[in-house]
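Right, one structure below, let's go through it.
Remember, predicted model here, so these are calculated numbers, not experimental data. Within every chain, numbering begins at 1; the chains are lettered A, B, ... in the order of the sequence lines, protein sequences first and strands thereafter.
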Number of protein chains: 4
Amino acid sequence: MKCLFRRRKEARPGEIAAAALDLFVDKGFAATRIDDIAARAGVSKGTVYLYFDSKEALFKAAVEATMLPALEEAEALVADDAKPAADMLREFVFGWWQMIGSTSLGGVPKLLVAESGNFPETVAWFHEAVIDRALAAMTRLIEHGIARGEFRNVAAPVAARIVFAPMFSYLVWRRSFEQCLRDLPPADEFFALAVDLLAHGLSAREAAK
Amino acid sequence: MKCLFRRRKEARPGEIAAAALDLFVDKGFAATRIDDIAARAGVSKGTVYLYFDSKEALFKAAVEATMLPALEEAEALVADDAKPAADMLREFVFGWWQMIGSTSLGGVPKLLVAESGNFPETVAWFHEAVIDRALAAMTRLIEHGIARGEFRNVAAPVAARIVFAPMFSYLVWRRSFEQCLRDLPPADEFFALAVDLLAHGLSAREAAK
Amino acid sequence: MKCLFRRRKEARPGEIAAAALDLFVDKGFAATRIDDIAARAGVSKGTVYLYFDSKEALFKAAVEATMLPALEEAEALVADDAKPAADMLREFVFGWWQMIGSTSLGGVPKLLVAESGNFPETVAWFHEAVIDRALAAMTRLIEHGIARGEFRNVAAPVAARIVFAPMFSYLVWRRSFEQCLRDLPPADEFFALAVDLLAHGLSAREAAK
Amino acid sequence: MKCLFRRRKEARPGEIAAAALDLFVDKGFAATRIDDIAARAGVSKGTVYLYFDSKEALFKAAVEATMLPALEEAEALVADDAKPAADMLREFVFGWWQMIGSTSLGGVPKLLVAESGNFPETVAWFHEAVIDRALAAMTRLIEHGIARGEFRNVAAPVAARIVFAPMFSYLVWRRSFEQCLRDLPPADEFFALAVDLLAHGLSAREAAK
DNA sequence: CATGAATGAGTTTTCATTCAT
DNA sequence: TATGAATGAAAACTCATTCAT
């Protein structure tokens, strides 16, 4: 019994941060009330302030605490293999969608876009800790393809961003236009075509003609 | 003199809506104070309420009033010509960037993403009036390419979304990560490569091989 | 034409005051907007300020200007005749109801009761100019009855107030509970019984027994 | 100590409602500021909103919460005894004045008259819960007197209203013309004469003559 | 004289934050 | 630790009043 209670107690900050993140993603920072966060986490308003100094601190903690563990897992996605780059690209996209995009972490980019004006430091942190790292990995992947003669000799850092564009867009569209999405294609179909188009677009064979 | 003043007077609501849109895009709906909007428009707080019933009404009006005139111009971008589809694609993307993406209208998508949870009707309106129309135009363009034998036989509506992804992403990134954008490529370079990759990706020649 | 226009112009202040009084009676001083008064008087908001210095001044003017002409007429109601006092009482009550109580002047007491805390001077004026005068007249009437041996020897000033109570109450009830007045008796019946009860109550014959 | 504090805490809403009623009666609904209510109740502005949703809700609650307990006590005033009706009438009037009229509850009628245009539902509630009940009781009392051969055969419901008129009027005059009441007779004298006049006016003995 | 657009002081209302229990 | 009542600063909104035309 003591053990269960202990565990509960220690999990509190995490539960609060998770509840906060969900609500921030859904309604934005300003429109989310501490009361709502407390209610969703099943604690009282005062308890929130026991673990977090302020609403702003809670925002930053919620974003960072939720991203950090995911980052480690994500890193593993980009094992520098000797596989064909097109295959790696496909695996990267689908792996990301499964592990991150389709989970509740997928809401973070939308949230940071929305609050970019109000939380410059958090945005900067996210950019460094997540975006830059992901871009670097994708850049390496593309350079790997170029080196293998598989891909055309394009500007890899620019191409990396173009590869991320469908992933980012799908994520944000899904979260923002939920109500009017009769015809947003399912993720499988969307990403299959996206990878197909990008791989063909990058392919050296066509250009060789 | 009288004429100038008259013009000023009649322009008031538009000036206020424009000021409001700028601030909403920058700081979000909740973090924007009516006082700030009034100050930016060069009027007093009371004047804002002379023309708009509430902050919410101002939000809706700002979005719709700014988009409507642009929509008409935008429609003209998609003249159903007999040109090669790849050329049309390039012209569409660059025309859009010049006329919309790089202007203050480019902030609207970011704003609606941010406030999607709080303004479902406005988001729905935008989806119908802007997104659906743009998707339809792009779908036609791709089908045109397929019909000419220029493009592969892909699912045009899905491909249309993939084409919009870099445009949407660049817009949003630019507005959201201004501070940490040392290495976001300039629009010209980004869109040149994006169009290049997508046109190659769609091209029927490679597949024919 | 000029004549008509002139007349219209000169009548403006009175029209505004009348419109104001109606609205003040209906909604109270604070809940009445200058815009509404202007609209009801068929002029613009600025015009109201052409004739009245402030909303408070308009309140006072509306009350006083509407009461003054009525006061003169009312004075005539109490001709010190040699008639039986009971008859005079009956004539006074019904005459008052016809000339004042049932007209739009009947709203003034309710208004002054409502605003007594906010307009002490106007209330004081009304008390002196109207209530005191009316009480004095009624006191004289009762003393006349006592002197004739018709009425018992009661405290005339107190009895005068008791005589006014049904008149005042009917007026106020009528204006305040309009909505739920299924069973407020018609004025004729109410005042007939009131005069009957009071005349009998004052009558010396019963006491003589 | 804990007990005292507890009691204090639970009494808060009632204290606020009481403070509100006092001020509403004095200055009217619109002219009363929430700040003033809070100050008089000895709490902060925010605390008022802890217990009441809005100023309007506070108005309704203040009226209803203050009247309800009084209604029960009041009901007991009209024990259907076998006493002479004239005695019952006297007891009713003086009992009412002691228990209600002279207390802070006595301000409610004035308040509802003043705000009748703005709070139709509250006025309707008061009419049903208070006025109709009181009229019914008084009507029964008069019918009792008629049945005993003590009173003349008058229309009892109309007479009931006439009996209430001095009570209502004295209440309202007292609260509205405080400043200029040099010569309003004291309650004892006023009601003694009122009861005397009405009892005589209703008496069957005189009519028999 | 008449207008109505513009103003800004004053009020209601919300909600992050504190603190006694 | 945990609670939730209490606070008050900050923001939306109203409307009497002014003034250029």
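Taking each heavy atom of B:Arg175 and B:Glu178 in turn, the nearest pair found is O-OE1, 4.0 Å. When all heavy atoms of D:Lys55 and D:Ile34 are compared, the closest pair comes out as CG-CD1, 3.7 Å. The minimum heavy-atom distance linking D:Ile37 with D:Phe24 is given by the pair CD1-CZ, 4.0 Å.
Protein atom CD1 of A:Ile34 is 17 Å distant from nucleotide atom P of E:dT14, rounded to whole Å. The distance between atom CD1 of D:Ile37 and atom C1' of F:dT7, rounded to the nearest whole Å, is 17 Å. If you measure from atom CG of A:Asp36 to atom P of E:dA16, you get 9 Å, rounded to the nearest angstrom. What separates CG of A:Leu50 from C1' of E:dA16 is a distance of 16 Å, to the nearest Å. With rounding to whole Å, C:Ile16 atom CD1 is found 12 Å from E:dC1 atom C1'. Whole-Å rounding puts the B:Phe52 CZ to F:dT14 P distance at 15 Å. Across the protein-nucleic acid pair, A:Leu58 atom CG and E:dA16 atom C1' stand 12 Å apart, rounded to whole Å. Taking atom NZ of residue B:Lys55 and atom P of nucleotide E:dT13, one finds them 18 Å apart after rounding to whole Å.
The side chain of A:Arg12 places no N or O atom within less than 4.0 Å of a non-bridging phosphate oxygen (OP1 or OP2) of F:dT1. Here A:Tyr51 does not reach the OP1 or OP2 of F:dT1: none of its side-chain N or O atoms lies under 4.0 Å away. Put simply, B:Tyr49 has no side-chain N or O that comes within less than 4.0 Å of OP1 or OP2 on F:dT14.
Put simply, OG1 on A:Thr122 and CE on A:Met67 are 12.5 Å apart, with the number rounded to the nearest 0.5 Å. D:Tyr51 OH to D:Arg12 CZ: the interatomic distance, rounded to the nearest 0.5 Å, is 6.5 Å.
Comparing A:Val48 and C:Asp35 by the nucleotide of DNA chain F that holds the closest heavy atom to each, the one mapping nearer the 5' end is A:Val48.
With B:Lys110 contributing its side chain and B:Val25 its backbone, the two residues share a donor-acceptor pair below 3.5 Å.
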Any N/O pairs under 3.5 Å between the protein and nucleotides 8-10 of chain E? List them or say none.
residue	atom	partner	partner atom	Å
E:dG10	O6	B:Lys45	NZ	3.4

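Take B:Phe52 and apply the ring pair (Phe, Tyr, Trp, His ring centres under 6.0 Å) test, not counting sequence neighbours, and it matches no residue.
With a 3.5 Å ceiling on both atom-pair distances, the Watson-Crick or G-U wobble partner of E:dT21 is F:dA2.
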